[in-house]
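Here's the structure we're looking at; comments come further down.
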Amino acid sequence: MTACLADSIDPPFEILAPDDIAAPFIFNSPHSGRIYPRAFVEQARLDFGALRRSEDSFVDELFADVVGAGMPLMRALFPRAFLDLNREPYELDPRMFDGRLPAFANTRSIRVSGGLGTIARVVGDSQEIYQRRLSVEEALERIEAYYKPYHQALRRLITRTQRRFGMAVLVDCHSMPSGPMREEGARADFVLGDRYGTSCAPIIPDLLEQELSALGYLVVRNKPYAGGYITEHYGNPGSGLHAVQIEINRGLYMHEATYERAGGFYRVRADLAAVMGRLMAVAGEHLMPPQAAAE
């Protein structure tokens with residue numbers, strides 16, 4: 001899938017699923033959408049290339065081999081700059097809108113103050129997206145048409161998986177710019193986020209770190225990405241629901257300036273397929289209830 005403009009996006013997301021689900025793992029790519037609503041682009045003060053700076057380009061393709069291994073992959077088709085699925089449903093900045101937001105909107109989160117709410121104010125290095133304020137009605141329409149159906153479908157997928165296997169593991173797939181971190185120096189190849197040990201059983205990030213490190217990658221945990229709304233909201237290990245976030249350094253697999261795949265793309269994809277296969281075999285065996293594992 002290449003980036004393009006469209007008058008409408010229908011459907012707004014896809015679930016790529018095998019004929020028979022082989023393991024209690026669900027892969028989710030909420031920021032790799034590359035179909036841009038034409039009306040949204042016309043509202044922007046930025047050119048098309050600048051709007052794409054918050055896009056997790058090709059992340060859905062990097063994880064696509066999990067479908068052949070018997071695990072579903074869900075992906076948004078619309079871009080993060082248009083609507084961010086990794087936020088609360090109503091994290092909205094009142095400065096962006098004409099009219100009064102609903103009383104239940106979260107207008108004071110750290111993400112809103114940084115311009116990165118459910119409907120973002122900025123992309124990239126704090127570049128303002130819009131030429132003028134949006135109407136409150138438009139914001140609420142985006143949430144109703146895109147955000148809520150996506151999360152309803154994701155929740156159903158998780159519920160069906162847990163009913164079948166007695167547990168579910170959500171792997172939330174993202175990418176990060178290749179520039180250096182402000183404090184840590186050179187950016188890691190992978191950042192694993194488990195909300196500081198609260199969103200999943202330890203064996204999941206332990207195994208991911210072990211397998212990725214064995215392949216020569218530099219792996220860190222929770223800094224600077226501990227997992228967003230999706231990881232925090234869906235991860236509840238005490239009830240058999242596990243969620244982990246994976247951030248991949250874009251410099252490993254793409255040319256960030258031109259939004260093109262680089263030579264490393266196929267190596268990273270193959271390595272991820274191997275690591276996720278190992279995760280399915282080992283973590284699934286340790287976490288799955290005995291009765292479900294025997295079926």
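In what follows, residues are counted from 1 in the order of the sequence shown.
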Modelled atom types, side-chain donor and acceptor of [X] and [Y], under 3.5 Å:
X: Tyr253; Y: Glu61; result: no
X: Asn106; Y: Ser109; result: no
X: Asp172; Y: Asn28; result: yes
X: Arg80; Y: Ser54; result: no
X: Gln210; Y: Arg278; result: no

Evaluate the side chain to side chain contact (heavy atoms under 4.5 Å, CB included) criterion for residues Leu140 and Tyr90: first the C-alpha distance (whole Å), next the side-chain angles of each, then the deciding distance (0.1 Å), finally the verdict.
CA-CA 9 Å; Leu140 299 181; Tyr90 297 98; 3.8 Å; yes
Do you know the tightest heavy-atom contact between [X] and [Y]?
X: Val112; Y: Thr107; result: CG1-O, 3.5 Å
X: Gly193; Y: Thr231; result: O-CG2, 4.0 Å
X: Arg133; Y: Pro94; result: NH1-O, 4.2 Å
X: Pro205; Y: Leu192; result: O-CD1, 3.6 Å
X: Ser199; Y: Ala243; result: OG-O, 2.6 Å
X: Val169; Y: Met167; result: CG2-CE, 3.3 Å

Does this structure show an ion pair linking [X] with [Y], if we count only N-O contacts that are shorter than 4.0 Å?
X: Asp93; Y: Arg87; value: no
X: Arg75; Y: Asp56; value: no
X: Asp98; Y: Arg132; value: no

Does the side chain of [X] reach to within under 4.5 Å of the side chain of [Y], using non-hydrogen atoms?
X: Ile246; Y: Cys173; answer: no
X: Leu85; Y: His151; answer: yes
X: Glu260; Y: Phe58; answer: no
X: His31; Y: Asn86; answer: yes
X: Phe63; Y: Met71; answer: no
X: Leu62; Y: Arg261; answer: no
X: Arg250; Y: Ser57; answer: no
X: Asp189; Y: Leu212; answer: no

Would you give the length of the straight line joining atom [atom1] of [X] to atom [atom2] of [Y], rounded to the nearest 0.5 angstrom?
X: Asn222; Y: Glu247; atom1: CG; atom2: CD; answer: 11.0 Å
X: Glu128; Y: Arg45; atom1: CD; atom2: CZ; answer: 6.0 Å
X: Gln131; Y: Leu46; atom1: CD; atom2: CG; answer: 9.5 Å
X: Arg38; Y: Cys4; atom1: CZ; atom2: SG; answer: 9.0 Å

[X] side chain to [Y] backbone, donor-acceptor under 3.5 Å:
X: Arg142; Y: Phe82; answer: yes
X: Gln245; Y: Gly228; answer: yes
X: Gln162; Y: Ser239; answer: yes
X: Glu91; Y: Glu88; answer: yes
X: Arg187; Y: Pro177; answer: yes
X: Arg53; Y: Val123; answer: no
X: Tyr259; Y: Gly49; answer: yes

Cluster overlap [X] with [Y], hydrophobic side-chain contacts below 4.5 Å:
X: Leu77; Y: Ile143; value: yes
X: Phe13; Y: Leu154; value: yes
X: Ile110; Y: Leu92; value: no
X: Leu116; Y: Leu101; value: no
X: Ile248; Y: Tyr266; value: yes

Is the Tyr229 ring parallel, tilted or perpendicular to the Tyr147 ring (thresholds 30°, 60°)?
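Taking Tyr147 first and then Tyr229, their aromatic rings sit tilted (interplane angle of 30° to 60°).
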Between Val275 and Leu215, is a side chain to side chain contact (heavy atoms under 4.5 Å, CB included) present by the stated rule, with each step listed?
CA-CA 9 Å; Val275 170; Leu215 292 168; 3.7 Å; yes
Begin with the C-alpha distance, continue with both residues' side-chain angles, and end with the deciding distance and a verdict on side chain to side chain contact (heavy atoms under 4.5 Å, CB included) for Leu208 and Met276.
CA-CA 8 Å; Leu208 288 172; Met276 297 310 141; 3.8 Å; yes
Check against side chain to side chain contact (heavy atoms under 4.5 Å, CB included), Asn249 and Tyr217:
CA-CA 10 Å; Asn249 187 323; Tyr217 295 108; over 6 Å; no
Measure centre to centre between the rings of Phe78 and Phe40, then say whether the value is under 6.0 Å.
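Ring-ring flag for Phe78/Phe40: false, centres at least 6.0 Å apart.
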For Asp125, I'd like to know if atom CG has over 12 heavy atoms of other residues, nucleotides or ligands within 6.0 Å.
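Incorrect, the count does not exceed 12.
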